[in-house]
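Residue numbers start at 1 and run along the sequence shown. Note: hydrogens, waters and symmetry copies are ignored here, and every other heavy atom, side chains too, is used. Read the numbers this way: they start at 1 and go in the same order the structure lists the ligands and their atoms. All values derive from a computational prediction rather than experimental measurement.
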Amino acid sequence: MSNIRFTALNEALSHSTAVNNCIPGKLSELFGINVFSDKVMREYLPDDIFKTIVENIDSSKLIDKKIADQVASAMRAWAINKGATHYAHWFLPLNGATAEKHDSFFSPVTNNMYIEQFDGSSLVQQEPDASSFPSGGLRNTFEARGYSAWDPSSPAFIMDNTLCIPTIFIAYTGEALDFKTPLLKTLSLIDDIATDICQLFDRSITKVFPTLGWEQEYFLVDEALYNVRPDLIMTGRTLLGQTPAKGQQLEDHYFGAIPPRVTAFMKDFEYEAWKLGIPVKTRHNEVAPNQFELAPVYEEANIAIDHNQLVMVVMNKIARNHKFRILYHEKPFAGVNGSGKHNNWSLATNTGKNLLSPGHTPKTNLLFLTFFINIIKSIHEHGDLLRACIASAGNDHRLGANEAPPAIMSVFIGTKLTKVLDEIEKMVKDRKMTPDEKTDLKLNIGKIPQIIIDNTDRNRTSPMAFTGNKFEFRAVGSSANCAPAMIVLNTILADQLKKFKKSLDKSMKQGVDKDEAIFKILRTYIKDSRPILFEGNSYSDEWIIEAEKRSLSNFKNTPDALYAYVSEKTKKLFNQNNIFTSKELEARWEIRHENYAKVIQIESRVLADLAGNHIIPTAIRYQNILIDNVKGLKEIFPEDQYKKQAELQLYIIDKISEHIFHIRKDVKEMIEKRKKANKLLEAHKRSDYYGKQVKPYLDKIRYHVDKLELLIDDEMWTMPKYREMLFVK
Ligand code: ADP
Ligand code: MG
């Protein structure tokens with residue numbers, strides 16, 4: 001049998017033994033050994049330089065040339081000591097991947113003499129040509145060079161003998177071409193205004209920074225099977241395949257014992273991650289077969305995002321050693337759950353406090369409530385933007401497609417906090433409050449239990465859930481960079497806090513006492529934000545109707561959702577807070593539309609190829625066998641018996657013809673639609689056309705292909721089936 005599927009299945013079986021390559025060691029000794037950490041800097045730098053650099057990083061100050069030279073020289077010495085031969089500026093371009101251009105330390109000084117060199121200017125700035133990254137029209141001319149510039153707040157690390165230096169990536173004209181530049185801006189934006197507000201409560205708070213703990217879901221597929229699924233190779237998801245008889249109905253995979261071959265991969269990968277200073281902590285099976293999750297301890301948001309991007313790269317590499325391929329796609333398999341990336345987000349202070357952790361006194365709880373309610377208000381104001389920032393072709397398969405979470409943005413806070421908000425709304429008066437009323441109110445908020453983590457209700461259906469001391473944004477796609485979500489959350493909160501501070505200052509000037517003024521403002525926010533608060537089942541049909549009544553948007557596809565990226569409201573928000581210019585926003589909007597159109601275009605091409613080269617020829621071959629069989633039956637049976645003998649065969653022959661007819665017709669129509677789409681010059685019109693006119697054909701064609709999979713002799717089918725790919729041995 002020359003069937004490529006059977007060859008691949010045999011090969012996959014031979015992979016099934018678990019091989020674990022990592023050398024066991026004490027974790028604490030291993031952790032961060034490939035990172036140019038504070039500890040290393042202290043060792044390699046003179047004391048005064050070390051102090052200056054740490055202070056500069058803390059206060060986000062620029063680092064001058066003299067210090068950069070010293071740091072570069074320390075980095076070089078350390079890296080070469082550890083066997084590094086190259087260095088690279090490592091950045092996060094808008095294609096969503098990571099980018100690195102390697103240069104050797106090796107430099108000629110005279111004709112015959114070479115030394116290892118790396119100075120401050122190589123550390124601080126580089127000009128990787130990198131002109132092929134998406135720029136949304138920001139780099140149309142050849143002069144529009146791209147620069148990478150050192151981000152000292154994220155430590156350098158060594159990967160594969162290369163010293164990688166996290167950098168931002170900007171155009172010659174100053175526009176950001178990456179995810180990190182705007183993110184860093186939002187971090188200092190939050191720091192400024194949040195610290196101002198904390199100062200009203202606690203003078204020792206001088207710095208506030210967002211924290212992020214991501215949870216990464218992914219699927220594993222055997223390499224041999226992956227290699228004979230062109231759809232997985234080209235699009236990251238299966239464009240065809242009949243759902244297996246057993247999927248996730250029995251829920252026997254979730255948190256179940258991890259298969260030994262997978263554990264071996266996880267151990268090896270964790271070992272590499274620890275060496276890179278990535279604090280991975282949790283691993284478990286997810287809901288769907290072959291689906292897993294990984295989560296680290298949370299970190300400062302910038303570092304957490306770098307680590308997430310790095311983890312995805314490292315996992316890909318290690319998976320190959322174990323003959324696996326990782327699928328980060330949001331919906332690699334129809335009929336079983338897709339993958340997301342939960343973003344747990346909170347705010348921490350220099351004093352070690354989590355601002356979203358209720359305290360044990362009325363004062364600390366007022367601080368908590370101030371941030372908590374401002375966040376809710378900001379999401380109410382900018383829900384559409386939050387939806388837009390996570391929109392992608394892959395994520396459309398989850399959001400709004402009867403799968404977690406819905407496309408309607410809402411916030412879940414649990415019964416306890418709902419009661420607290422209700423009470424504030426009831427107890428705070430429009431008039432000046434009496435001392436007794438104020439005391440009652442304070443006593444009441446003092447009763448918020450300090451640890452509500454364990455008893456916050458676990459509403460798994462909400463896209464944005466408060467989970468005791470953090471908000472968990474669950475709608476981010478598994479393949480996405482976390483930065484856009486963080487940029488939006490940080491910016492809308494900072495903007496909201498500024499408005500809060502302005503109202504507060506005004507009231508206090510009018511002689512209202514501080515606490516009372518805060519309560520009054522918070523009460524109006526609670527009233528205003530009611531529509532965004534939802535405690536029920538967000539997957540239900542009732543919620544769709546209810547959300548509409550509340551005027552909450554429900555954008556089911558990316559081209560529609562993206563409008564909020566460039567609305568006047570969004571432009572004003574980002575312009576006023578100096579995060580994005582309108583030009584930068586429009587560029588990002590265009591890149592997303594471009595990307596969407598390209599993804600659907602590629603999927604459509606691949607499916608048409610598969611239908612033409614794999615499915616239809618196989619169907620015809622099998623049909624011919626049946627035809628021969630029918631002819632034979634006709635020869636050996638008398639006319640009255642033959643009909644009965646050949647009944648099933650005739651039925652299948654007919655069905656095959658019917659499905660082939662539809663596949664051919666739909667493929668032809670789809671190609672015509674694609675041609676029309678490609679003629680549209682504006683990216684948003686093209687993506688809209690692709691989404692509404694081309695994409696539906698993917699499902700139509702698939703329907704007939706999957707029906708054929710059920711009809712055709714298993715031995716003839718060339719593509720690995722779901723049941724073969726989904727259950728790792
Ligand atoms: P799950 O959602 O799987 O039930 P949890 O809700 O316990 O898991 O979430 C755990 C995640 O939350 C971890 O990734 C952890 O790092 C993150 N996390 C915990 N505290 C914070 C915080 N203060 N800020 C940001 N992330 C946090
Ligand atoms: Mg979670």
Problem - Per-atom contacts, ligand 1 versus E472 - under 4.0 Å to a heavy atom - result: 2 (O), 6 (O)
Handout entry: Check: T211 N/O within less than 3.5 Å of ligand 1 N/O
Key = yes
Handout entry: salt_bridge(K207, D58) N-O dist < 4.0 Å
Key = no
Problem - Minimum non-hydrogen distance to atom 17 (C) of ligand 1, winning option of N344, L212, V280 - result: N344
Handout entry: Contact partition for R460 relative to ligand 1, non-hydrogen atoms under 4.0 Å
Key = side chain
Problem - Heavy-atom donor-acceptor pair, D151 side chain to P166 backbone, under 3.5 Å - result: no
Completion exercise
The answer for which part of T282 has a heavy atom under 4.0 Å from ligand 1 is neither
Handout entry: Heteroatom proximity flag, E215 to ligand 1, N/O under 3.5 Å
Key = yes
Problem - E272/K275 under salt bridge (Lys or Arg N to Asp or Glu O under 4.0 Å): CA gap, chis, key distance, verdict - result: CA-CA 5 Å; E272 287 309 312; K275 288 201 285 190; 3.4 Å; yes
Problem - Numbered atoms and elements of ligand 1 in range of V297, under 4.0 angstrom, heavy atoms - result: 16 (O)
Practice task
Kindly say whether the aromatic ring centers of F471 and F372 come within a distance under 6.0 Å.
Solution key: yes
Exercise for the section: Show which atoms of ligand 1 fall inside a sub-4.0 Å distance from at least one heavy-atom site of W214. Expected result: 14 (O)
Handout entry: Any N or O of T467 closer than 3.5 Å to N or O of ligand 1
Key = no
Handout entry: Between T415 and E535: side-chain donor-acceptor atoms closer than 3.5 Å
Key = no
Handout entry: Sub-4.0 Å heavy-atom approach of N354 to ligand 1
Key = yes
Exercise for the section: Would you tell me which option among P296, P210, A348 has the nearest heavy-atom contact to atom 15 (C) of ligand 1? Expected result: P296
Exercise for the section: Can you establish whether the number of heavy atoms outside K281 located under 6.0 Å from its atom NZ is more than 12? Expected result: no
Handout entry: Residue list, side chain to side chain donor-acceptor pair (under 3.5 Å) with K419, at least two apart or on another chain
Key = none
Practice task
Would you check if there is a donor-acceptor pair between the side chains of T491 and N577 at a distance under 3.5 Å?
Solution key: no
